[in-house]
Amino acid sequence: QVQLVESGGGLVQAGGSLRLSCAASGRTFSSYFVGWFRQAPGKEREFVAAISWSTTNTYSANSVKGRFTISRDNAKNTVYLQMNSLKPEDTAVYYCAARAGFSTRSDMYDSWGQGTQVTVSS
């Protein structure tokens, strides 16, 4: 089991930036992917981005391409989500999750962090 802890959320004006962190501990495997998801009030949890723990493979949702960048620091066991040009519609609770292999489906991930709130004001 992988334990995940998110940090870095907050309140920012539209057009601003935030960087989220996801610190992993416990069992990790080279085949794992770490994904970022978000859930706005009254909406389903949606895929944002994912990164392989061992290769250069990354994936992003169309809604965030060109604005959000996912990266990792293996020495720190941490995955980051750099969010630029934020929009009010990016407001949500952001979660990181881990699983063996890539998926955009939240129900396929078996390890989750507690979430961090991101609020973008207009």
Side-chain angles (χ1 to χ4, degrees):
Q1 191 79 10
V2 179
Q3 290 78 46
L4 303 168
V5 178
E6 303 98 333
S7 61
L11 173 64
V12 64
Q13 288 188 333
S17 298
L18 281 174
R19 189 179 77 159
L20 305 183
S21 299
C22 173
S25 61
R27 301 179 69 184
T28 57
F29 302 96
S30 59
S31 62
Y32 264 52
F33 274 76
V34 174
W36 284 98
F37 291 80
R38 65 186 182 186
Q39 188 166 21
K43 294 189 177 181
E44 293 188 353
R45 193 166 295 188
E46 66 171 350
F47 171 77
V48 175
I51 188 167
S52 166
W53 199 254
S54 60
T55 72
T56 59
N57 293 341
T58 63
Y59 304 86
S60 299
N62 288 335
S63 59
V64 305
K65 279 182 180 176
R67 299 189 299 123
F68 292 10
T69 301
I70 190 169
S71 63
R72 71 174 193 267
D73 183 335
N74 286 38
K76 296 182 178 180
N77 279 353
T78 300
V79 172
Y80 303 99
L81 185 69
Q82 178 66 44
M83 306 186 295
N84 299 328
S85 302
L86 282 161
K87 305 175 182 179
E89 51 263 43
D90 294 319
T91 295
V93 178
Y94 283 70
Y95 300 89
C96 64
R99 74 178 303 273
F102 171 67
S103 178
T104 62
R105 290 177 50 178
S106 60
D107 60 343
M108 298 296 287
Y109 285 75
D110 44 25
S111 297
W112 289 86
Q114 80 287 354
T116 185
Q117 177 71 47
V118 171
T119 303
V120 184
S121 63
S122 57

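Below, each value reflects all heavy atoms present in this structure, side chains not excepted, and no hydrogens, waters or symmetry copies.
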Please give me the minimum heavy-atom distance between [X] and [Y], naming the atom from each residue.
X: V79; Y: I70; answer: CG1-CG1, 3.8 Å
X: L11; Y: S121; answer: CD1-CB, 4.4 Å
X: P88; Y: A14; answer: CD-CB, 4.1 Å
X: Q82; Y: S17; answer: NE2-CB, 3.9 Å

Is the backbone of [Y] close enough, under 3.5 Å, to the side chain of [X] for a donor and an acceptor to pair up by distance?
X: T91; Y: V120; result: yes
X: N74; Y: W53; result: yes
X: Q114; Y: E6; result: yes

Checklist line | Reference residue C96; test side-chain contact (heavy atoms from CB on, under 4.5 Å); the match among L4, T78, V2, V5 | finding: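 The passing option is L4.
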Next item on the list: Take the angle between the ring planes of F33 and F102 and call it parallel below 30°, perpendicular above 60°, tilted in between.
Entry: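 Tilted, since the angle between the ring planes falls between 30° and 60°.
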Does the side chain of [Y] come within less than 4.5 Å of [X]'s, by heavy atoms?
X: Y80; Y: T69; value: no
X: S60; Y: F68; value: no
X: L20; Y: V118; value: yes

Checklist line | Shared hydrophobic cluster, F47 / I51 (ILVMFWY, side-chain heavy atoms < 4.5 Å) | finding: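 As far as the 4.5 Å side-chain criterion goes, I51 and F47 are not connected within one cluster.
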Check: Any link between L81 and V64 through a network of hydrophobic side chains (Ile, Leu, Val, Met, Phe, Trp, Tyr) touching at under 4.5 Å?
Finding: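 Same cluster.
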Checklist line | Gap separating the OG atom of S122 from the NZ atom of K87, nearest 0.5 angstrom | finding: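 Reported to 0.5 Å precision, the distance equals 14.0 Å.
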Checklist line | Inter-residue atom distance Y59.OH - S103.OG, 0.5 Å rounding | finding: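 So the OH of Y59 and the OG of S103 are separated by 11.0 Å.
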Next item on the list: Only pairs at least two apart or in different chains count here, so list each salt bridge (charged side-chain N to carboxylate O under 4.0 Å, His left out) that has a residue in residues 56-81.
Entry: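 Salt bridge (charged side-chain N to carboxylate O under 4.0 Å, His left out) check on residues 56-81 returns R67-D90.
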Next item on the list: If a pair satisfies salt bridge (charged side-chain N to carboxylate O under 4.0 Å, His left out) and one of its residues is in residues 44-55, list it, with sequence neighbours excluded.
Entry: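 Sorted pair list: R38-E46.
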Checklist line | Aromatic contact, F37 with Y109 (centres under 6.0 Å) | finding: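 Between F37 and Y109, the centre distance is under 6.0 Å.
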Checklist line | ring-ring contact (aromatic ring centres under 6.0 Å, His included) against Y94, all qualifying residues, sequence neighbours excluded | finding: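 Once residues adjacent in sequence are excluded, Y94 has no partner under the ring-ring contact (aromatic ring centres under 6.0 Å, His included) criterion.
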